[in-house]
Amino acid sequence: MKRSMLVLYSLVFLMQGVHAQNLRTSVPATITLEATKPEGESVNLHYNEAVGILLASNPAFIQGVELELRIPKAFQGAESSIVWTIYSGIKPAIQKERFDYSGEAVFTQPLPARVSLIVQLPVSERHSLRSSPYATLIPVLCTPDKFPLLFKLSSINKGIPPNMESALFKVTVRPILTDEGGIRIQYPDTGADRKSVQVFIDDKRIEDSGSTIYLKKGVHIVRITAEGFREEVMSIVVEPGRVVSLTAKPLSDSPLLKFQAPSDTLISLDGKALDQSSADGLELEPGEHTLVCVLGNYSLTRKFTAVRGKTYTIVLSVELEIKTNP
């Protein structure tokens with residue numbers, strides 16, 4: 001059969017759409033598409049074999065399937081003797097020991113007169129795939145309910161020479177990822193009322209912060225607020241196809257007291273002596289307080305009003321200055 005007739009056949013096939021049919025083939029391997037494995041997997045096939053393609057349970061970041069076929073030298077120059085076909089909705093479950101299946105033929109074409117072939121098949125309605133000089137886009141949508149798939153090689157002519165019978169095609173199957181990743185926020189038991197917790201990403205409030213939040217790849221600013229706790233701000237990097245887990249660690253918004261003073265300074269707050277080594281970062285009740293610092297024969301007293309969400313640093317320094325006159 002001439003190549004022009006094969007091309008015409010593939011176009012007519014596409015116009016007719018998918019159709020269920022029985023097929024008999026050996027499936028020596030299956031590959032599962034996972035967002036965490038963007039490099040995919042490779043298998044070797046003979047001209048009359050197929051590879052099964054499964055989809056991970058959570059394909060949220062997968063927008064398509066890419067198949068790369070490396071054509072062995074034995075078939076170069078005789079590509080018109082082999083066609084490749086993608087089938088969807090394969091039944092029953094794919095097994096190495098099984099040969100009889102049924103499925104819908106999605107697309108078929110003869111091998112190109114090249115050393116390799118790259119085709120892409122969309123699996124999400126929101127895909128952004130386009131045909132290019134490097135890859136051919138199959139204009140058929142195979143949503144997750146259409147899986148498993150089969151990528152099958154078939155001979156058109158009878159009497160394949162021995163060198164072709166033993167030749168191996170290399171098939172690489174990869175997931176095509178979206179440009180999105182995600183974050184998942186975990187909330188430890190801190191006593192905060194979950195109803196008062198608000199999550200902002202890039203200053204946009206997120207309504208359902210208990211599930212995975214999908215974001216474009218890149219750097220994002222996460223801000224978490226809760227009544228009675230200090231605002232928490234984090235910078236995260238979102239990578240395509242990956243979910244980052246964050247643990248919110250909100251701190252009480254009670255006023256904090258910190259010290260910068262000589263180690264032998266005696267400090268008392270509201271008439272109660274404090275151990276400076278353990279009092280750094282001391283939480284205060286909001287309101288007015290009296291602080292007394294004693295260093296040697298010197299005593300200093302200060303009053304201040306503590307406000308929620310504020311940190312107060314007590315700095316006590318002793319300076320020695322020597323001046324020289326001309």
Side-chain angles (χ1 to χ4, degrees), residues 181-216 218-239 242-323:
I183 64 171
R184 187 178 294 116
I185 303 175
Q186 300 175 346
Y187 302 89
D189 185 11
T190 59
D193 183 2
R194 280 295 303 276
K195 293 182 180 180
S196 72
V197 176
Q198 297 185 47
V199 177
F200 298 84
I201 298 180
D202 301 330
D203 289 329
K204 180 180 179 181
R205 184 176 176 182
I206 305 300
E207 296 297 334
D208 184 11
S209 56
S211 57
T212 300
I213 304 166
Y214 298 102
L215 300 168
K216 294 290 186 181
V219 180
H220 297 270
I221 303 300
V222 180
R223 183 163 55 90
I224 302 174
T225 66
E227 185 177 342
F229 290 83
R230 292 173 182 266
E231 181 177 274
E232 187 175 7
V233 180
M234 295 171 281
S235 176
I236 62 164
V237 177
V238 173
E239 299 179 12
R242 297 185 181 275
V243 176
V244 180
S245 294
L246 301 178
T247 300
K249 300 178 181 178
L251 299 175
S252 170
D253 68 350
S254 297
L256 292 180
L257 191 62
K258 295 186 175 184
F259 297 93
Q260 293 180 13
S263 59
D264 54 349
T265 303
L266 302 178
I267 301 173
S268 64
L269 180 68
D270 300 329
K272 182 180 179 180
L274 299 179
D275 181 357
Q276 184 182 166
S277 61
S278 60
D280 198 45
L282 177 68
E283 289 190 5
L284 304 176
E285 289 294 328
E288 188 175 272
H289 297 275
T290 300
L291 181 73
V292 178
C293 295
V294 178
L295 181 61
N297 296 325
Y298 295 93
S299 177
L300 297 172
T301 302
R302 294 288 187 274
K303 289 187 177 182
F304 66 98
T305 300
V307 179
R308 286 192 178 277
K310 299 291 186 179
T311 298
Y312 299 88
T313 302
I314 308 303
V315 180
L316 177 64
S317 61
V318 178
E319 294 184 358
L320 177 62
E321 185 177 0
I322 300 176
K323 293 184 178 181

Can you tell me how far the CD atom of E207 sits from the CD1 atom of I213, to the nearest 0.5 Å? 11.0 Å

Atom of V222, atom of I185 and distance for their closest heavy-atom approach: CG1-CD1, 4.3 Å

Heavy-atom nearest pair, E285 first then A306, reads O-CB, 4.0 Å

Contact between L269 and L282 at the side-chain level, heavy atoms closer than 4.5 Å - yes or no? yes

Hey, what do you get for CG (D202) to NZ (K216), rounding to the nearest 0.5 Å? 13.5 Å

Can you tell me which residue among T225, I224, V233 is in a side chain to side chain contact (heavy atoms under 4.5 Å, CB included) with F200? T225

When rounded to the nearest 0.5 angstrom, what distance separates NE2 in H220 from CD1 in I236? 6.5 Å

Do F259 and T265 have side chains that get closer than 4.5 Å, going by heavy atoms? no

Sub-4.5 Å side-chain heavy-atom contact between E239 and V244: no

Euclidean distance, R184 CZ relative to L246 CG, rounded to 0.5 Å: 10.5 Å

Measuring from atom CG of D270 to atom NE2 of H289, what distance do you get when rounded to the nearest 0.5 angstrom? 6.0 Å

Mind checking whether V307 and Y312 have side chains closer than 4.5 Å, heavy atoms only? yes

Where do E283 and L256 land on the side-chain contact (heavy atoms from CB on, under 4.5 Å) test, with the steps shown first? CA-CA 5 Å; E283 289 190 5; L256 292 180; 3.5 Å; yes

Minimum side-chain heavy-atom gap L316-Y298 below 4.5 Å: no

Nearest 0.5 Å, what's the CD1-CZ distance between I206 and R223? 11.5 Å

Heavy-atom distance under 4.5 Å between the side chains of R308 and S254, does that happen here? yes

Determine whether F304 and L257 make a side-chain contact, defined as any pair of heavy atoms from C-beta on separated by less than 4.5 Å. yes

